[in-house]
Visitor: 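Below are the C-alpha cells for one structure; questions will follow.
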Amino acid sequence: MKDSLTAFTRKVGYIACVVVVLHVVLALVSLFLPRHVAMHMPLISFYRKMVVLGPYFQAFRLTSSWHLLVSTKQNGSWSSLVDHTDDDFKQYSRQPWRYDLLHSGDYENFAAWEVSVKDQKSIGEVSAQRHFRALNQYVVHELIDGPVDSVMLVYVCHTYRPDHKNYQVDTLFNYRYDPRSIPISKAID
Amino acid sequence: MTRGQSLSAKQLIDGFSSYLTGGSREPVATRIFLKALVCYMVIRLILLWPVCRVMLHYHRMVLPGSLLWKIILAPSYLADQHPDAFFVVAIALAIVLLYTIPHHAANFLFCWLTVNVYYIHSQTGDGSDLMLLMLSVWCVPMVPVSLTDSGKPKIVQITLFNLGRLFCQFATIFIYLSSGVDKLASATWRSGYAFEYIRHLEGLYNPHFPALFQNHAWDLVLSWITILLELAFGVLVWQKQFRTTVLLCAAVFHLVIWWMVSLPDFSVIMIVSLLIFVNDDDYDVRAAQRRVRRDG
C-alpha cells in the first residue's frame, strides 16, 4: 500500500515537473520569438497574449498621447475647444484620492480611438458606427451643459519631439455635426 | 563525466519532484497572498463602480454567441443591463470570499468574478486587469489547507497547490523579464530618453513629481535602474540572501511608478504579486520582532 502511494507520488511529481518545464519553455519561446512568427502559432500566440504579460512601458507607447477636444455651437458662435480628460487629470494630480477623475476620460478615449482607426471620412459614414454613436451620446450627456446647435469633436495625437523640445500635433478626425441627427447607441434613461 | 551529469540531472529532477509533492509550500504566506488579492479586488470593484457605470451607460457590450461563454459571462450580461446590481453583488461576493475558509470552490468563484470584471472593463482596462485575471486563474488550485486525509487525492491537492504557487511566481517574473528584455533592446530606454518622453506624456505624468529628477543624468540613471531591476529580478528573487532586498526594491519601484505616472492599479497589483515570494518564516520574523519591541 505504502509502495503504491510512493510510486503514485513519484509519478505525479514527474508529471508536475514536465508541466513546469513545458510552461517555462513555452513562455520563453513566446518571449523571444519574433512577433510575426509567433502570431502564426496558436499556442505561442496565446502564451504571448495571456500568460507572458507585457512588455510594459514600450518606447513607442511613451512618445504620444491622444486628446479629444470638444467645442459647441450656440447662438451662432463656437466655444473654445476643451480637453475634458486633461482637465480631469490635472484635478486628479491635485487630489490623488479622486480615482474617478483618473479614469473619467477612459471611455471617451476608447470610443474616439475606435472611430479614428476606421477609414470613414464623412459624418454620414461615421454616424453609422456604434462607437461614434456611443461617443456622441457620452459627449452630449456627460460633457456638454444643455442643448446645443452643433458639436465639434477634434481628436488629436501629440507626439513629443526631444530634438525640438515640442509636440508634433496630428489631427486624427475633426467632425462638426448636429448631435440630434446621430442615432442612439444604447437606450438610456 | 556523462554518468555524473546524468546522475545529477536525475537528482535535480527527484529533488524538484519532491519539492512539488512533499507538502504544501509556505501555506501561511500563500494564504496572506490570496487574501491580499481578494482585498485588492474589493477595493478595485468599489473604485471601478462609478467609472464602469458611466461606460456601461453608453457602451453596447458585444456578448459572445457560444453557450459556454454565455454561462461564464452571465454576470457581464447583468452588468450590461444593471451595472449597479452587478457591482453590489460582486462587492458582496468578494467580501464573503475575503472571510471564507480556503477552498477550491471559493478560488473558482474569485476567478469567475475576475473574468467578468476583466470582460466588463476590457474596453478601457490596462495591464492590471490582465495581471489580476492571470493570478486568479493560477490561484484556483491554491488551497493551503488539506481537504482530504486519503493518500492519492492529498498528493494531487498538494502538487496542484505548489504548481499554482509556482505559476503565480512565474507570472510576476515573466512580466519583469519581458519588460526588461524589451527595454534593453530599445535605444530610447538605453539612452535614457524614455524618461524624457514620460515627462512629456500628457495625461499620465504627475506634474507634481519633484523637478530635481528632471534632467538627462537622472533619466539615464533611472532608465538603467529600471532595466537592471527588471532583468535581475527573476534571478535574484530565488537567492536567499537577495530575496528580501530585491522584493523591497521592486515594491519601491512600483510606488515610484504610481507617484510618477499615475498608475495606481498596476502598481498595487504588482506589489500584491510580490507577496507570493514571501516565505512563512518572513512573517514569523516580523511577528517575533514585534513581540521583542512590545516586550522591550
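Just so it is clear, the model here is predicted, and its values are computed rather than measured. We name chains A, B, ... by the order of the sequence lines, and we start the count at 1 in each one.
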Visitor: Quick check on the interface: out of B:Leu47, B:Ile158, B:Leu20, who has the most heavy-atom pairs with chain A under 4.5 Å?
Guide: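 Option with the top pair count is B:Leu47.
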
Visitor: Heavy atoms only, distances under 4.5 angstrom: which of A:Asn109, A:Val12, A:Val21 has the most pairs with chain B? Name it, please.
Guide: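 Answer, by heavy-atom pair count under 4.5 Å with chain B: A:Val12.
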
Visitor: Other residues, nucleotides and ligands only: do more than 12 of their heavy atoms fall within 6.0 Å of CH2 on B:Trp69?
Guide: no

Visitor: In terms of heavy-atom pairs under 4.5 Å with chain B, which of A:Ala59, A:Ala134, A:Gly105 leads?
Guide: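 Top option by heavy-atom pairs under 4.5 Å: A:Ala59.
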
Visitor: Select, from A:His158, A:Arg61, A:Arg10, the one with the greatest count of heavy-atom pairs under 4.5 Å involving chain B.
Guide: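 Ranked by heavy-atom pairs under 4.5 Å with chain B, first place is A:His158.
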
Visitor: Between A:Val24 and B:Phe174, what is the shortest heavy-atom contact and its length?
Guide: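 Minimum heavy-atom contact is CA-CZ, 4.3 Å.
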
Visitor: Out of B:Pro207, B:Ser17, B:Pro50, which one racks up the most heavy-atom pairs below 4.5 Å with chain A?
Guide: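 Among B:Pro207, B:Ser17, B:Pro50, the one with the most close pairs to chain A is B:Ser17.
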
Visitor: Without swapping roles, check the side chain of B:Trp189 against the backbone of A:Gln58 for a donor-acceptor pair under 3.5 Å.
Guide: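 It does not hold such a pair.
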
Visitor: Counting only heavy atoms closer than 4.5 Å, note whether A:Ser64 contacts chain B via side chain, backbone, both or neither.
Guide: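 The backbone, not the side chain.
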
Visitor: Only pairs of heavy atoms separated by less than 4.5 Å count here; which of B:Glu230, B:Glu196, B:Met55 has the most with chain A?
Guide: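 Most heavy-atom pairs under 4.5 Å with chain A: B:Glu196.
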
Visitor: Would one find more than 12 heavy atoms of other residues, nucleotides or ligands at under 6.0 Å from atom CH2 of B:Trp238?
Guide: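 Yes - once you tally the heavy atoms of other residues, nucleotides and ligands closer than 6.0 Å, there are more than 12.
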
Visitor: With sequence neighbours left out, what residues match A:Asp86 under salt bridge (Lys or Arg N to Asp or Glu O under 4.0 Å)?
Guide: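 Applying salt bridge (Lys or Arg N to Asp or Glu O under 4.0 Å) to A:Asp86 gives A:Lys90.
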
Visitor: Crowded around B:Trp258 CH2? As in, over 12 foreign heavy atoms under 6.0 Å?
Guide: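 Result for CH2/B:Trp258: open.
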
Visitor: Taking heavy atoms only and a threshold strictly under 4.5 Å, list by residue number the residues of residues 179-188 of chain B that touch chain A; give 'none' if the list is empty.
Guide: B:Ser179, B:Val181, B:Asp182, B:Lys183, B:Ser186, B:Thr188

Visitor: With a 4.5 angstrom heavy-atom cut-off, is it the side chain or the backbone of B:Leu133 that approaches chain A, or both, or neither?
Guide: side chain

Visitor: Where does A:Thr63 contact chain B at under 4.5 Å (heavy atoms): side chain, backbone, both or neither?
Guide: both

Visitor: Measure the spacing between NZ of A:Lys11 and OG1 of B:Thr21 and express it to the nearest 0.5 Å.
Guide: 14.0 Å

Visitor: Measure distances from A:Lys165 to the heavy atoms of chain B and classify the residue's part below 4.5 Å as side chain, backbone, both or neither.
Guide: side chain

Visitor: What pairs of residues pass the side chain to side chain donor-acceptor pair (under 3.5 Å) test when at least one of them lies in residues 24-46 of chain A, not counting sequence neighbours?
Guide: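 Checked against side chain to side chain donor-acceptor pair (under 3.5 Å) - neighbours excluded - no pair reaches residues 24-46 of chain A.
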
Visitor: Do side-chain atoms of B:Arg60 reach the backbone of A:Arg130 as a donor and acceptor pair under 3.5 angstrom?
Guide: no

Visitor: Taking atom CZ of A:Phe60 and atom OH of B:Tyr197, what is their separation to the nearest 0.5 Å?
Guide: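 A:Phe60 CZ to B:Tyr197 OH: 13.5 Å, rounded to 0.5 Å.
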
Visitor: Taking all heavy atoms of B:Val54 and all of A:Tyr138, pick out the closest pair and write down the distance.
Guide: CG1-CE1, 3.6 Å

Visitor: Could you tell me whether a side-chain N or O of B:Ser178 sits under 3.5 Å from a main-chain N or O of A:Leu53, the two making a donor and an acceptor?
Guide: yes

Visitor: Looking at B:Ala171, B:Gly22, B:Pro264, which has the largest count of heavy-atom pairs under 4.5 Å with chain A?
Guide: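 Looking at each of B:Ala171, B:Gly22, B:Pro264 in turn, B:Pro264 comes out on top.
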
Visitor: Are side-chain heavy atoms of B:Leu48 and A:Tyr99 found at a separation under 4.5 Å?
Guide: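 Yes. Closest side-chain heavy atoms under 4.5 Å.
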
Visitor: When heavy-atom pairs shorter than 4.5 Å are enumerated against chain B, which of A:Val51, A:Asp88, A:Thr159, A:Asp100 gives the highest number?
Guide: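 The candidate making the most pairs under 4.5 Å is A:Val51.
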
Visitor: Let me know if B:Val261 has heavy atoms under 4.5 Å from chain A in its side chain, its backbone, both or neither.
Guide: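 Contact with chain A involves the side chain of B:Val261 alone.
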
Visitor: Quick check on A:Arg133 against chain B: is it the side chain, the backbone, both or neither that has a heavy atom closer than 4.5 Å?
Guide: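 Nothing of A:Arg133, per the 4.5 Å heavy-atom cut-off to chain B.
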
Visitor: With a 4.5 angstrom heavy-atom cut-off, which part of B:Trp138 approaches chain A: side chain, backbone, both or neither?
Guide: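 Contact with chain A: side chain only.
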
Visitor: Heavy-atom cut-off 4.5 Å, strictly under: side chain, backbone, both or neither for B:Ile13 against chain A?
Guide: both

Visitor: Could you grab the distance from atom CD of B:Glu202 to atom CG of A:Asp83, nearest 0.5 Å is fine?
Guide: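 Taking CD in B:Glu202 and CG in A:Asp83, the distance rounds to 8.0 Å.
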
Visitor: Can you tell me which portion of B:Leu130 sits under 4.5 Å from chain A's heavy atoms? Options are side chain, backbone, both or neither.
Guide: both

Visitor: Given that the side chain runs from C-beta out, which part of A:Arg94 has a heavy atom under 4.5 Å from chain B: side chain, backbone, both or neither?
Guide: both

Visitor: B:Leu160, B:Ile198, B:Thr226, B:Leu201: which one forms the most heavy-atom pairs within less than 4.5 Å of chain A?
Guide: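 Of the options given, most contacts go to B:Leu201.
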
Visitor: Could you tell me how the ring of B:Phe167 sits relative to the ring of A:His23: parallel (under 30°), tilted (30 to 60°) or perpendicular (over 60°)?
Guide: parallel

Visitor: Under a 4.5 Å heavy-atom cutoff, which of A:Ile15, A:Thr85, A:Leu135, A:Thr9 has the most pairs with chain B?
Guide: A:Thr9

Visitor: To the nearest 0.5 angstrom, please state how far the OH atom of A:Tyr56 sits from the CD1 atom of B:Ile257.
Guide: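 If we round to the nearest 0.5 Å, A:Tyr56:OH and B:Ile257:CD1 are 11.5 Å apart.
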
Visitor: Indicate yes or no: at least one non-hydrogen side-chain atom of A:Tyr14 is less than 4.5 angstrom from one of B:Asp14.
Guide: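 Of all side-chain heavy-atom pairs linking B:Asp14 with A:Tyr14, at least one is under 4.5 Å.
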
Visitor: Tell me, do B:Asn206 and A:Pro96 make a side-chain contact under 4.5 Å, heavy atoms counted?
Guide: no

Visitor: If I measure from the heavy atoms of chain B, does A:Ser104 come under 4.5 Å with its side chain, its backbone, both, or neither?
Guide: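 Neither; nothing under 4.5 Å.
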
Visitor: Under 4.5 Å from any heavy atom of chain A, what part of B:Leu263 do you find: side chain, backbone, both or neither?
Guide: side chain

Visitor: When you check the side-chain N and O atoms of B:Tyr58 and A:Glu142, is any donor under 3.5 Å from an acceptor?
Guide: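 Distance-only check passes for B:Tyr58 and A:Glu142.
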
Visitor: Distance-only, no hydrogens or angles: does the A:Tyr167 side chain make a donor-acceptor pair with backbone N or O of B:His200 under 3.5 Å?
Guide: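 Yes; at least one donor-acceptor contact below 3.5 Å.
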
Visitor: Which bit of B:Phe266 comes within less than 4.5 Å of chain A, counting heavy atoms only: side chain, backbone, both or neither?
Guide: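 Contact with chain A: side chain only.
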
Visitor: Going through the distances and angles, do B:Leu177 and A:Leu28 end up as a side chain to side chain contact (heavy atoms under 4.5 Å, CB included)?
Guide: CA-CA 10 Å; B:Leu177 187 62; A:Leu28 290 177; 4.0 Å; yes

Visitor: For B:Phe16, which atoms come within 4.5 Å of any heavy atom of chain A: side chain, backbone, both, or neither?
Guide: both

Visitor: Less than 4.5 Å apart, side chain to side chain, heavy atoms only: is that true for B:Met134 and A:Met50?
Guide: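 SC-SC contact between B:Met134 and A:Met50 ruled out.
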
Visitor: What residue pairs, at least two apart or across chains, pass side chain to side chain donor-acceptor pair (under 3.5 Å) with a residue in residues 151-164 of chain B?
Guide: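 Every candidate side chain to side chain donor-acceptor pair (under 3.5 Å) pair involving residues 151-164 of chain B fails, so no pair, neighbours aside, qualifies.
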
Visitor: Does OH belonging to B:Tyr193 count more than 12 external heavy atoms closer than 6.0 Å?
Guide: no

Visitor: Which answer fits A:Leu62, side chain, backbone, both or neither, if we ask what part of it has an atom under 4.5 Å from a heavy atom of chain B?
Guide: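 A:Leu62 touches chain B through backbone and side-chain heavy atoms alike.
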
Visitor: B:His59 and A:Tyr107: side-chain donor and acceptor closer than 3.5 Å?
Guide: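 Yes, A:Tyr107 and B:His59 have a side-chain donor paired with an acceptor closer than 3.5 Å.
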
Visitor: In terms of heavy-atom proximity below 4.5 Å to chain B, should A:Val19 be classed as side chain, backbone, both, or neither?
Guide: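 For A:Val19, the contact with chain B is made by backbone and side chain together.
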
